Undergrad: 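For reference, the structure I am asking about is given below.
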Amino acid sequence: MKLRFAPSPTGFLHVGGARTAIFNLLHARRHGGTMLLRIEDTDVERSRQRHAEQIISSLQWLGVEWDEGPVYQSDRLERYRERVEELVASGKAYRCYCTVEELEAERAAAEKAGKQWHYSGRCRAIEGDPGEPHVIRFAVSSGTIEFHDLIRGDVQFEGDLIDDFVLLRSDRNPTYHLSVVVDDIDMEITHVARGDDHLSNTPKHVLLFRAFGAAVPSFAHLPLILGSDKKRLSKRTGATSAEEYREMGIVPDALFNFLTLLGWSPGENREIFTRDDSAQWFDLSHVNKAPAVFDPEKLLWMNGQYLMRMSAEQIHPHLLPFLGDGPKTLDDLRTIIDLHKMRARTLREIAEQMAIYFVDDDAIGYDADVVKQHIKGDDLGARLAALHDALASTEPFDVATSEAALRKVAEEQGVSAAKLIHPLRLALTGKGASPPIFDVAVVLGKERSLRRLKELIERLPALG
RNA sequence: GGCGCAUUCGUCUAGGGGUCCAGGACGCCGCCCUCUCACGGCGGUAACACGGGUUCAAAUCCCGUAUGCGCUACCA
């Protein structure tokens, strides 16, 4: 068994393409088959080498591996020309000398007359001069074309409704239809899993496989991924490329898992699982038929689930690209990552939250709402001073001892611990929300914590 | 227009004739836990597109309608 992912390098890796790649990979892994990566760059107008490189880089980041390739179709142009000549020789394809301009004019005229235009196939009969510019068209025969789709079941099309399509362009480059079939034959592809948008092209491919006397592979047409507007996912409704999610701070395992669930389910209410698990359970024939809407909210949730389950060691390398100035080594960040990983949904959020540890102690910006809510009472200054003194004499300075010290002060002052904890959080972080505040204090260390507390006490009069 | 494909809570889905007055997850709303936030726990909201059949019995099978999407290129 052999499958392939065959993107065309005309842009970034689209999440729909990413899912197609994943489904191919999973099916191959599940059945002990091999996976090929093929770059379909026969459209010289739109294909770019840099796009191919970006797609490959995105696939690597996502963890979609392949056993063979990447194969570039642009390296195999002679092969397509050679095979198409075989079809011409056997009368299954023919040279067509109609120009694009002529055909366009016919099409426009038909449209004007309110009629449907079809290529007449008139060049089938003529014997032109092969030295003149021409394309090579496939001679589509009438009759029903039937094939089995692993996802849709049996599908049929009428040959009469399919125009004689172009196989080789006038610039001697193959069209997608030719190259894809020649390659799938040469590379011994047994299963073709691709986007739903190719379903209507499949009868053409079936005809070509037969014309070449080759076995027709199994097909599986995956439903599209839609945006929240129920239309094909586009920039308007959300990020469309895998790269954008990477930059957003989504971890590859989470995107992989999430994409896996778009159109497929392992059943038994399983949602979060490893690649190995999915490779064990996956089967193309259990993929949904209906298109799925991409829900960024659920992706964020899933990413959060992954982050909180990952160790600091695992998160660290993914986090590095999001870090600004400040410490970057695992040893410096381990505790902080552990403190924040369950409070963030993306790597970017972790990085942002980490900023509190690296600002200067006298440069903390206080959240106005928090000030309003917790900074009040004439005796607050005195209480905080008492807290400062208590913490100053706390030795060793750890989570348990610092908390005990604070609670003791609260008791002596006859107030609830919360009356001291909230201002302390404001002093240390400037915010109303943070990891448990004594953990924060320990990360900062006794000296810096005291400095920040002192800073708040000094700024108290100005805060009202 | 023609051809093709599809249609279960707002979203992702389970479900493949009776065990479904439809299960799980995200989101949303309560409550609990709690130094805040997050996590976690408990509970709630919410769906078989519509109309005909077939059958003792249909979310599950068939037909039609509606809606959506795809193809209809010398793009893939």
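Every chain is numbered from 1 and lettered A, B, ... according to where its sequence line falls, protein lines coming before strand lines. Hydrogens, waters and symmetry mates are skipped; everything else that's a heavy atom, side chains included, is used. The model shown is predicted, which means the values in this text are computed figures rather than measured ones.
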Undergrad: For the C1' atoms, the ones on B:G51 and on B:G44, what distance do you get once it is rounded to whole angstrom?
TA: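 It comes out at 34 Å once rounded to the nearest Å.
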
Undergrad: Considering only B:G70, B:C3, B:G10, which nucleotide approaches the side chain of A:L161 most closely?
TA: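 Given the options B:G70, B:C3, B:G10, the side chain of A:L161 is closest to B:C3.
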
Undergrad: I'd like to know whether A:Y306 forms a ring-ring contact (aromatic ring centres under 6.0 Å, His included) with A:H318, so could you lay out the CA-CA distance, the side-chain angles of the two residues, the decisive distance to 0.1 Å, and finally the verdict.
TA: CA-CA 12 Å; A:Y306 268 87; A:H318 291 109; over 10 Å; no

Undergrad: Name the residue closer to the 5' end of RNA chain B, choosing between A:Q116 and A:A418 according to the nucleotide with the nearest heavy atom.
TA: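 Its nearest nucleotide lies further toward 5', so the answer is A:Q116.
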
Undergrad: Under 3.5 Å, is there any donor-acceptor pair linking the side chain of A:R152 to the base of B:C5?
TA: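 No such pair is found, so the answer is no.
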
Undergrad: Partners of A:E111 by salt bridge (Lys or Arg N to Asp or Glu O under 4.0 Å), sequence neighbours excluded?
TA: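 For A:E111, no residue satisfies salt bridge (Lys or Arg N to Asp or Glu O under 4.0 Å) once neighbours in sequence are set aside.
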
Undergrad: So if I take residues 7-21 of chain A and measure heavy-atom distances to RNA chain B, which residues fall below 4.0 Å?
TA: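 Hits under 4.0 Å, by residue number: A:S8.
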
Undergrad: Can you tell me whether the side chain of A:N201 and the base of B:A76 have a donor-acceptor pair closer than 3.5 Å?
TA: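 Per atom types, the contact qualifies.
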
Undergrad: Cation-pi check, A:R19 to A:F23: give yes when NZ or CZ is under 6.0 Å from the six-membered ring centre and within 45° of the ring axis, no otherwise.
TA: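 Cation-pi check for A:R19 and A:F23: passes.
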
Undergrad: Got a donor-acceptor pair under 3.5 Å from the side chain of A:S434 to the base of B:C37?
TA: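 Absent.
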
Undergrad: Using the P atom as the point on both nucleotides, what is the distance between B:G40 and B:G4, in whole Å?
TA: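 To the nearest whole Å, 48 Å.
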
Undergrad: Name the residue closer to the 5' end of RNA chain B, choosing between A:K289 and A:R107 according to the nucleotide with the nearest heavy atom.
TA: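 So the residue in question is A:K289.
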
Undergrad: Tell me: CZ of A:F219 to P of B:G70, nearest whole Å?
TA: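 Value for this atom pair: 21 Å.
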
Undergrad: Would you indicate what A:Q156 reaches in the nucleic acid, counting non-hydrogen atoms under 4.0 angstrom: base, sugar-phosphate, or nothing?
TA: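 The answer is sugar-phosphate, as A:Q156 gets under 4.0 Å only of primed atoms, P, OP1 or OP2.
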
